[in-house]
Participant: 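Please see the structure below; I have some questions.
We count residues from 1, following the sequence as given. Counting starts at 1 for both ligands and their atoms, following the listed order.
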Amino acid sequence: METRKRIGLLTSGGDCPGLNAVIRAAVRHATLSYDWEVLGIPYATQGLLEGKAVSLNVHGLDSRGIDPLLSTGGTILGSINKGDTEAQADQIIAGYQKLGLDALIVIGGDGSLAIMNQLAHKGNMNIVGVPKTIDNDVAFTNLAVGFDTAVNTIVDALSRLSYTAASHDRVMVVEVMGREAGHLALNAGIAGGADVILIPEIPYSISGVCKHITELRDRWNRRFAIVVVAEGAKTIEGQERYYTDSQGEIRLRGIGDYVADQISHFSGDKIEARVTVLGHVQRGGAPSALDRLLATSFGKAAVDLIAKDDYQKMVAWQNGVVVSIPIDEVTSNSPILVDSHHPLVETAKALDTYIGDL
Ligand code: F6P
């Protein structure tokens with residue numbers, strides 16, 4: 001007879017909306033369909049290292065049980081995106097064994113999946129990955145959990161900013177996240193009707209940006225403009241803007257200020273530019289309906305892979321269905337950047353959006 005499985009769940013890397021929805025789906029399916037025991041590992045590898053876990057089941061504080069997790073932001077398990085996992089590998093693996101886990105669902109982006117995959121190879125851990133990241137740069141999946149909500153958050157901000165921009169005849173420069181990938185900026189820029197979209201993958205020039213903004217005025221008397229700039233977009237000299245935080249970590253930030261200053265400077269202060277850095281607002285809030293669907297489908301599919309003892313795979317969304325891909329392949333092909341001939345790039349250009357000097 002098949003023994004009752006004990007599985008673990010952890011969330012690793014930057015949080016995003018929809019993580020709790022994955023947890024809810026996995027817990028419901030694992031406990032109600034398979035009668036397994038589910039343990040939540042707090043703070044990812046830190047929890048494993050300390051051998052810590054909390055029991056997860058469908059019951060909650062009130063009659064809604066675990067279901068409120070479907071619509072909440074953040075992660076009830078907590079998350080970390082730092083730590084020397086190479087040096088701590090043996091302890092982390094020992095924690096997995098100490099907890100008596102048959103398998104572990106790793107909800108993470110490409111960085112976390114790569115780390116957990118290495119540990120899994122080293123320590124014979126059975127893992128199944130669920131892709132999540134607002135950057136949407138994980139290979140082999142059209143969508144990662146959190147991306148759609150972040151796009152909606154940016155679009156909402158662009159809509160609000162366009163009113164104040166129009167009232168003051170200003171250029172609003174909006175800096176968005178995404179690391180080295182421009183998916184967030186490109187998708188939100190198009191959906192939010194931006195006039196200029198600057199992404200890391202396509203070089204731009206300030207002269208091109210200013211020419212475009214001036215043409216808006218000359219051609220149809222549009223006296224304001226919305227510029228969306230990805231945090232990883234590079235200056236004309238090909239440099240990124242970043243700062244080093246108190247822990248010595250490099251954080252992308254500052255391209256919005258740079259672009260706004262350059263626009264004012266290049267136009268001889270004729271164009272007034274203001275900057276909004278959306279920052280971690282993009283990671284917060286309730287997940288969108290699409291993210292809830294994705295998270296729920298992924299949570300269910302991850303549990304089904306474990307039921308088949310089909311490990312070292314990541315669930316992925318391809319053309320409307322969930323498939324599974326070896327994590328080795330995912331990590332060796334990630335991150336996925338925006339192709340400069342992507343149909344959305346063509347769409348932006350066709351609508352007379354400035355997207356660089358290609
Ligand atoms: O990878 C997700 C992400 O939000 C990036 O878009 C961003 O550059 C980074 O994480 C920010 O990380 P942190 O929360 O550690 O500042």
Side-chain angles (χ1 to χ4, degrees), residues 10-20 22 43-46 73-75 77-85 106-116 129-139 141 143-155 157-158 174-189 197-201 228-234 239-259 275-285 287-288 291 294-295 314 330-331 333-338:
L10 62 79
T11 50
S12 179
D15 74 330
C16 64
L19 298 177
N20 287 335
V22 180
Y43 298 100
T45 46
Q46 189 60 37
T75 164
L77 294 176
S79 189
I80 50 164
N81 56 4
K82 51 178 139 237
D84 191 349
T85 46
V106 175
I107 310 167
D110 63 324
S112 301
L113 289 171
I115 289 168
M116 290 307 300
V130 173
K132 66 85 215 167
T133 168
I134 66 165
D135 305 339
N136 208 34
D137 56 356
V138 180
T141 187
L143 287 171
V145 173
F147 175 66
D148 182 66
T149 309
V151 169
N152 280 302
T153 301
I154 300 169
V155 168
L158 297 185
V174 186
E175 181 181 313
V176 304
M177 284 183 165
R179 291 191 201 268
E180 305 299 331
H183 305 287
L184 261 185
L186 179 61
N187 283 262
I197 302 172
L198 306 179
I199 60 176
E201 297 87 344
V228 173
V229 54
E231 63 180 357
K234 292 165 187 69
Q239 282 170 344
E240 287 179 319
R241 306 292 288 194
Y242 58 83
Y243 71 98
T244 309
D245 71 11
S246 54
Q247 313 288 315
E249 298 275 335
I250 288 180
R251 311 237 163 253
L252 291 171
R253 173 138 180 205
I255 190 74
D257 281 314
Y258 174 82
V259 168
V275 188
T276 303
V277 180
L278 286 181
H280 290 80
V281 166
Q282 296 159 94
R283 296 235 300 253
S288 66
D291 268 330
L294 195 65
M314 182 192 81
V330 174
T331 58
N333 285 283
S334 297
I336 293 289
L337 304 182
V338 174

Participant: Evaluate Met177 for polar contact with ligand 1, using N/O atom pairs at a separation under 3.5 Å.
Facilitator: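 No: no nitrogen or oxygen of Met177 is under 3.5 Å from one in ligand 1.
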Participant: Distance under 4.0 Å to a non-hydrogen atom of Ile134: what atoms of ligand 1 satisfy this?
Facilitator: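 Counting atoms of ligand 1 from 1, those under 4.0 Å from Ile134 are 4 (O).
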Participant: Can you tell if the side chain of Lys234 reaches within under 4.5 Å of the side chain of Glu240, non-hydrogen atoms only?
Facilitator: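 In contact.
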Participant: Could you list the atoms of ligand 1 found under 4.0 angstrom from a heavy atom of His280?
Facilitator: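 The list of qualifying atoms is 13 (P), 14 (O), 16 (O).
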Participant: Give the contacting part of Arg251 toward ligand 1: side chain, backbone, both or neither, where contact means a heavy-atom distance below 4.0 Å.
Facilitator: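 For Arg251, only side-chain atoms sit under 4.0 Å from ligand 1.
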Participant: Between Val106 and Leu113, is any pair of side-chain heavy atoms under 4.5 Å apart?
Facilitator: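 SC-SC contact between Val106 and Leu113 confirmed.
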Participant: Tell me, which protein residue and heavy-atom name are nearest atom 6 (O) of ligand 1, and how many Å apart are they?
Facilitator: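 The answer is Asp135 OD1, 2.7 Å.
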Participant: Considering only non-hydrogen protein atoms, determine which one is nearest to atom 4 (O) of ligand 1 and report residue, atom name and distance to 0.1 Å.
Facilitator: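 That would be Arg283 NH1, 2.8 Å.
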Participant: Are the side chains of Phe147 and Leu294 in touch, meaning some heavy atoms are under 4.5 Å apart?
Facilitator: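 Of all side-chain heavy-atom pairs linking Leu294 with Phe147, none is under 4.5 Å.
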Participant: Check whether any side-chain heavy atom of Leu278 sits under 4.5 Å from a side-chain heavy atom of Val174, and report yes or no.
Facilitator: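 Heavy-atom side-chain distance check passes, below 4.5 Å.
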Participant: The criterion is side chain to side chain donor-acceptor pair (under 3.5 Å); which residues satisfy it with Arg253, sequence neighbours excluded?
Facilitator: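 Arg253 satisfies side chain to side chain donor-acceptor pair (under 3.5 Å) with no other residue.
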Participant: Listed by chain and number, what are the side-chain contact (heavy atoms from CB on, under 4.5 Å) partners of Thr133, not counting sequence neighbours?
Facilitator: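 side-chain contact (heavy atoms from CB on, under 4.5 Å) check on Thr133 returns Asp135, Asp137, Val138, Ala144.
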Participant: Going by the atom numbers of ligand 1, which of them fall below 4.0 Å from some non-hydrogen atom of Asn81?
Facilitator: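 Here the atoms of ligand 1 in question are 15 (O).
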Participant: Taking 4.0 angstrom as the limit and counting only heavy atoms of Glu231, give me the atoms of ligand 1 inside it, by number and element.
Facilitator: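 Ligand 1 atoms under the 4.0 Å threshold to Glu231: 5 (C), 6 (O), 7 (C), 8 (O).
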Participant: Going by heavy atoms in the side chains, are Val145 and Ile107 under 4.5 Å from each other?
Facilitator: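 Not touching, per the 4.5 Å side-chain cut-off.
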Participant: Would you mind running through ligand 1 and noting each atom that sits below 4.0 Å from a heavy atom of Gly178?
Facilitator: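 Within the 4.0 Å cut-off of Gly178, ligand 1 contributes 6 (O).
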Participant: Return the residue, atom name and 0.1 Å-rounded distance of the protein heavy atom closest to atom 9 (C) of ligand 1.
Facilitator: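 That would be Arg179 NH2, 3.7 Å.
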